[in-house]
Amino acid sequence: MLTIRDIHKTFNAGTVNEVRALQGVSLHVPEGGFVVVLGGNGSGKSTLQNAVAGSFFVDGGSIQIAGEDVTRWPEHRRARLIGRVFQNPFSGTAPTMSIAENFALATRRGRRRRIRWAISRSVRDELRERVRGLRMGLEDRLDSAIGSLSGGQRQALTLLMATWLKPALLLLDEHTAALDPKSAEQVIRLTGEIVGGLGLTTVMVTHSMQQAVNLGDRVVMMHKGRIAYSFSGAEKQRLRVDDLLGRFEELRRREMLDESTAALLRESYV
Amino acid sequence: MTLMLGALTIGLILSLLAMGIFISFRVFEIADITVDGSITLGAALCAVLLVRGVNPALAMAASFLAGTVAGTITGVLQARFKINPLLSGILVMTALYSVNLHIMGRSNIPLLTAENVTTWADRWSQALLGVADVNVFGWMVAGRDLGILALVLGIVTMVGVALYGFLRTEVGTAMRAAGDNPQMIRALGVDVESYRILGLALSNGLVAWSGALLAQYQGFADAQMGIGMVVWGLASVIIGESLTGSRSLGLAIYGAIAGSVLFRLLVAMALRWGLNPNDLKIVTALFVFGALVLPTWVGTWRRNRTIAETAKP
Ligand SMILES: Nc1ncnc2c1ncn2[C@@H]1O[C@H](COP(=O)(O)OP(=O)(O)O)[C@@H](O)[C@H]1O
Ligand SMILES: [Mg+2]
């Protein structure tokens, strides 16, 4: 369960580079809920995920995960509750370390790490089984450096790592955007299987309206650091790509209107 | 032969330094100049304690601890105060210069009669061999020198194996990941800054140990002995990598040891052939410079050549 209340974040406040990335976002995702986040470039989707994950502290508002107020928790502490897959396939794995070692790290997510062998026989056996389930032939390459794999393979493994210990919340940030269509398809299918299979509470950012239509039980569309539209329940079920395109067009027109109004005001008063 | 034996022993002693540099330079990609101060710190503290009659094993333990404290301070400057890694190292190294002089009370402490690990090695080799000199492949060498070599080899092997084992534990793999991909390991619940501090502490502990052994082998500790040691260690690690040419952990640690020994042997030979000892540091620096830029140059040159050749009709 995730509850976000009116969070704000401004980068480089008070400078010429000031960016109001989040301007009062509230969102509630019930236990087992699956929210898909859409929005144009720079609308604040990644910032929203980073705020929840704790990459920085928000300027205002509060964040609750699984009943705990994590607003002031540092990122590594929140990791106990959160599994994460990034847009960049290089971000989610340690490239010079082996597949097995990467998973060994994931099996201790948010737990105490001790002075004992990282890779035990039982972890290795279980790992081989789960990796076999990916049908990528990686079960025989557990000792290869993960950096030698393709982006799609790495994203699939990262997803498996993020969910090895069932997270209270799964955050996916355009995790198929950097992949070729076939790998993206594969990773999305795996996402559906894992999220459905474990009943994970999930927030997935995507650039693909098709994915937004197919997956999840709620779609929110962000614009300029706010949630502009939200579709849930039967409305979400009926949602078509064309509907979403229409809303995008609407946002774009409104923005142009804003800009022309601003220009008009500037001309008259400045 | 005695010369080679000496070079081999010093090379092994400095391989502890090389393993320390391996942690800071290869795991965390920091050129940690703290080591210039912490190798002297280890030597100074060990020498002072030995002169006071403290048990050599205890003196060595104290040196290791002192090194970890120095590394921790550098790590805290980086992690908590967000000071640039290079500058953090420079600050601690500079401060250590005064600390070391205070510990020693003067700039040089001889260990003429003080009981230390080399006197132990001497005694054991006498008891074991029964004679003062031994014939090794036709050369006569002092049993004492062999004993010390065996002792140092034992310590280095032990440290190498322990380091390898540690880096494969849960804590050790998290430490390597903290250097490899901080973003990823933070998302898996690791406080990257603490691990960086731990790594630098371990690294400088090993370096201080190297200093403690060096002081006992040379028979003195000197306030200047640390100058340029970081570059020396970098050279050893880089040579080791070209020797083993592998990214596997065990081979990398072995490479750091072998690199240190090989480098010392090369230096001993160069000195023998008339290299002015004053030029040693500049040669080392040039060597590291070459090792850092040559691979890129060679790569570019190869690529250009391939392009030129494919362009030919
Ligand atoms: N760490 C940061 N520092 C400064 N500006 C940032 C930072 N992160 C994001 N921004 C800015 O915040 C805005 C929203 O970015 P982001 O959340 O990444 O958008 P997207 O919806 O494309 O994921 C953008 O204008 C971006 O430049
Ligand atoms: Mg983004």
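Sequence lines set the chain letters: A, B, ... in the order given, protein chains first and strands last, and positions in each chain run from 1.
Looking at Arg111(A), neither its backbone nor its side chain comes within 4.5 Å of chain B, counting heavy atoms on both sides. Within the 4.5 angstrom heavy-atom criterion, no atom of Arg77(A) approaches chain B. For Thr107(A), no part lies near chain B; criterion is any non-hydrogen pair under 4.5 Å. Heavy-atom distances place both the backbone and the side chain of Ile115(A) under 4.5 Å from chain B. Of the atoms belonging to Phe90(A), it is backbone heavy atoms, and not side-chain ones, that fall under 4.5 Å from chain B. With a 4.5 Å cut-off on non-hydrogen atoms, Arg80(A) does not touch chain B at all.
Within the 4.5 Å cutoff, the side chain of Thr169(B) has no heavy atoms near those of the Arg116(A) side chain. Here the side chains of Arg130(A) and Glu139(A) are not in contact, with every heavy-atom distance at 4.5 Å or above.
Along residues 178-189 of chain B, the residues that come nearer than 4.5 angstrom to chain A, judged on non-hydrogen atoms, are Asp180(B), Asn181(B), Gln183(B), Met184(B), Ile185(B), Arg186(B), Ala187(B), Leu188(B), Gly189(B) in order of number. Listed in order of number, the residues of residues 24-35 of chain B that approach chain A to under 4.5 Å between heavy atoms amount to none. Among residues 69-80 of chain B, no residue has any heavy atom closer than 4.5 Å to a heavy atom of chain A. Using a 4.5 Å heavy-atom cut-off against chain B, the contacting residues of residues 96-104 of chain A are Thr96(A), Met97(A), Glu101(A), Asn102(A).
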Problem set entry | Verdict with reasoning, Val131(A) to Leu160(A), per side-chain contact (heavy atoms from CB on, under 4.5 Å) | CA-CA 8 Å; Val131(A) 170; Leu160(A) 207 56; 4.3 Å; yes
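Separation of atoms OG (Ser63(B)) and CG (Leu213(B)) is listed at 9.0 Å; rounding is to 0.5 Å. Here CG of Leu243(B) is found 11.0 Å from CG of Leu251(B). Values are rounded to the nearest 0.5 Å. Atom-to-atom distance recorded for Thr71(A):OG1 and Ile63(A):CD1 is 5.5 Å, nearest 0.5 angstrom. Between the CD1 atom in Ile65(A) and the CG atom in Leu81(A) there is a gap of 5.5 Å [rounded to 0.5 Å]. Expressed to the nearest 0.5 Å, how far CG of Leu2(A) lies from CD1 of Ile82(A) amounts to 8.0 Å.
Shown here for Ile21(B) and Ser203(B), the closest heavy-atom pair between the two residues is N-OG, 4.3 Å.
Side-chain contact check for Asn12(A) and Thr15(A): no donor-acceptor pair (N or O, by modelled atom type) lies under 3.5 Å. In summary, the side chains of Gln49(A) and Ser55(A) do not present any donor paired with an acceptor at a separation below 3.5 Å, with no hydrogens or angles considered. Between the side chains of Arg154(A) and Thr93(A), at least one donor N or O lies within less than 3.5 Å of an accepting N or O. For the residue pair Thr191(A)/His175(A), the side-chain donor-acceptor check at 3.5 Å is satisfied. Of the N and O atoms on the side chains of Ser208(A) and Thr206(A), not one donor lies less than 3.5 Å from an acceptor on the other residue.
A perpendicular orientation is assigned to the rings of Trp209(B) and Phe64(B), their planes being inclined by more than 60° (bins at 30° and 60°).
Taking a cutoff of 4.0 Å between a charged side-chain nitrogen and a carboxylate oxygen, Glu170(B) and Arg108(A) qualify as a salt bridge. Between Glu68(A) and Arg78(A), no side-chain nitrogen of the basic residue sits less than 4.0 Å from a carboxylate oxygen of the acidic one, so the salt-bridge criterion is not met. In this structure, Asp191(B) does not pair ionically with Arg196(B), as no charged nitrogen and carboxylate oxygen lie closer than 4.0 Å.
The residue among Arg109(A), Arg84(A), Arg114(A), Glu75(A) with the most heavy atom pairs within less than 4.5 Å of chain B is Arg114(A).
Taking the six-membered ring for Trp and the full ring otherwise, the centers of Phe11(A) and Phe56(A) sit less than 6.0 Å from each other.
The backbone N or O of Val230(B) lies less than 3.5 Å from a partner atom in the side chain of Asp36(B), making a donor-acceptor pair.
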